[in-house]
Protein chains: 2
Amino acid sequence: MLTLKQIITMLHQKGHKVTPQRLAICEILFSYKSHPTADEIYKRVSQKFPTISLSTIYQTLNLLMKLGLIQELGFPNISSRYDANTSPHIHIICPKCGNTQDYEDKKFEELWSKFITKLNFKPIGQRLEIYKYCDKCSKIG
Amino acid sequence: MLTLKQIITMLHQKGHKVTPQRLAICEILFSYKSHPTADEIYKRVSQKFPTISLSTIYQTLNLLMKLGLIQELGFPNISSRYDANTSPHIHIICPKCGNTQDYEDKKFEELWSKFITKLNFKPIGQRLEIYKYCDKCSKIG
DNA sequence: TTTTAATTAATAACGATTATGAATTAGGAG
DNA sequence: CTCCTAATTCATAATCGTTATTAATTAAAA
């Protein structure tokens, strides 16, 4: 996963401005191993920047995606989540609330990577997902 | 993939009515190896039932999902697609238009199935997806 | 044939995300 | 350091896929 310094360099290189808002958003995405929604990022950045707009969060997320630094995990009906780890790995996801956690299996990741390289094209992303109601959601029903 | 007869039996068993609208929707889902959107289904069923409502399409899709007969493939910003093949297989998807095609690799499917059975829980679904702009969308940019 | 709960269909409502546009600001030029 | 300008931010409106609501209709059991 990238460091903030690397991200700043990358933004400068591609001619994008490095704003405090962008840094705050990146800090959340790249410092924690979570998969936050836009709104979760918004709430956390708001603590530092009380006037930040949700709009800015989405614009920054879209920029980071265009640069290939993060991946969007979209689901039906519920908010997308954003993952700063773009290398292949398995997610275990609750289809009701979207709670997403990594499932580490180095062997399988390696196998999948090999499979990807054998394709006759270069994919721009991939998803390996297993669905399972989380404890909270399976209690509610 | 299930036949219409099997679906009818299943609906009766679970106490659901077998309506001409539901049959028409199932016919589209289970007779072709496509992954249509709700609107695509709506347009096709409308030819037979000009007064059908998009609402009915969604209600039927949700029923079929609850029965575990189809899987929803949801994406950010674009319409979900519905797949009547619920056994594990790889999709190649255009992230722009959502065009989805199957990628058959029996060996990998077997490997994944084995992996699933080794988990200490029974998943309610899974997705194996590779993203790649389709010819149309990569031309537009 | 009658009855009744399930289903349909039309429309309103919802919610996540994008679009718009005026005000602000990062960062280069002088 | 100051000025300039295009990029960015922020507030709000708009969009669009999907769900909720409800009156009218219908499948299917009695």
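Sequence lines set the chain letters: A, B, ... in the order given, protein chains first and strands last, and positions in each chain run from 1. Everything numeric in this text was worked out from a predicted model, so none of it was measured.
- Spacing between atom CZ of F75(A) and atom C1' of dG17(D) amounts to 17 Å, rounded to whole angstrom units.
- Between the CD1 atom of I57(A) and the C1' atom of dA16(C) there is a distance of 14 Å, rounded to whole Å.
- When rounded to the nearest whole Å, the span between CZ of R22(B) and C1' of dA28(D) equals 13 Å.
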Checklist entry - Could you go step by step and tell me if E27(B) and R22(B) meet the salt bridge (charged side-chain N to carboxylate O under 4.0 Å, His left out) rule? => result CA-CA 8 Å; E27(B) 217 167 1; R22(B) 284 183 175 166; over 6 Å; no

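- Atoms CD1 (I52(A)) and P (dT12(D)) sit 16 Å apart, rounded to a whole Å.
- Dashed line: the shortest gap from a side-chain N or O of T51(B) to OP1 or OP2 of dA9(C) is under 4.0 Å.
- Across the protein-nucleic acid pair, L63(B) atom CG and dT19(D) atom P stand 13 Å apart, rounded to whole Å.
- Taking only side-chain nitrogens and oxygens, N62(B) comes nearer than 4.0 Å to OP1 or OP2 of dT19(D).
- Looking only at atom types and distance, the side chain of T60(B) has no donor-acceptor partner in the side chain of N62(B) under 3.5 Å away.
- Counting any heavy atom pair closer than 4.0 Å across all strands shown, S55(A) reaches a base atom.
- Of the residues near DNA chain D, H16(A) and T19(B), the one whose nearest nucleotide (by heavy atom distance) lies more toward the 5' end is H16(A).
- When each of V18(B) and P76(B) is assigned the nucleotide of DNA chain C with its nearest heavy atom, V18(B) is the one assigned upstream, toward the 5' end.
- With axes fitted over five pairs at each extremity, the angle between the ends of the helix from dT1(C)-dA30(D) to dG30(C)-dC1(D) is 30° (10° resolution).
- What separates CG of L61(A) from P of dT8(D) is a distance of 15 Å, to the nearest Å.
- For the side chain to side chain donor-acceptor pair (under 3.5 Å) criterion with D83(B), the lone passing option out of Q71(B), R127(B), K33(B), H89(B) is H89(B).
- Residue T56(A) is classed as a base contact, given a heavy-atom separation below 4.0 Å to a base.
- For the pair F49(A) and Y58(B), both in contact range of DNA chain D, the more 5′-proximal nearest nucleotide belongs to F49(A).
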Item to check | Test log, rule side-chain contact (heavy atoms from CB on, under 4.5 Å), inputs I7(A) and T3(A) | outcome: CA-CA 6 Å; I7(A) 294 162; T3(A) 65; over 6 Å; no

Checklist entry - Could you walk me through whether K106(B) and E109(B) pass the salt bridge (charged side-chain N to carboxylate O under 4.0 Å, His left out) check? => result CA-CA 5 Å; K106(B) 290 290 175 202; E109(B) 286 167 16; 3.8 Å; yes

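- Here S80(A) does not reach the OP1 or OP2 of dA16(C): none of its side-chain N or O atoms lies under 4.0 Å away.
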Hey, what are the protein-to-nucleotides 22-26 of chain D N/O distances that come in under 3.5 Å?
none

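- The phosphate of dT19(D) (OP1 or OP2) has a side-chain N or O of N77(A) nearer than 4.0 angstrom.
- In the model, E72(B) has a side-chain atom that pairs as donor or acceptor with a side-chain atom of S80(B) under 3.5 Å.
- Taking both residues in full, the closest heavy atoms of D102(B) and H91(B) are given as OD1-CD2, 3.1 Å, listed atom of the first, atom of the second, then distance.
- Rounded to a whole Å, the CG atom of L54(A) is 11 Å from the P atom of dA11(D).
- Residue T37(A) is classed as having no contact, given no heavy-atom separation below 4.0 Å to the nucleic acid.
- The shortest distance between the side-chain N/O atoms of Q21(A) and the OP1/OP2 oxygens of dC10(D) is below 4.0 Å.
- Taken to the nearest 0.5 Å, the CD1 atom of I70(B) stands 11.0 Å off from the CG atom of L2(B).
- Annotation: Y103(B) is in aromatic contact with F115(A) [ring centroid separation under 6.0 Å].
- As a whole-Å value, the separation of D39(B) CG from dG17(D) C1' is 10 Å.
- Closest of all the heavy-atom pairs between C94(B) and C134(B) is SG-N, 3.5 Å.
- Close to dA26(C), at under 4.0 Å from its OP1 or OP2, lies no side-chain N or O of H12(A).
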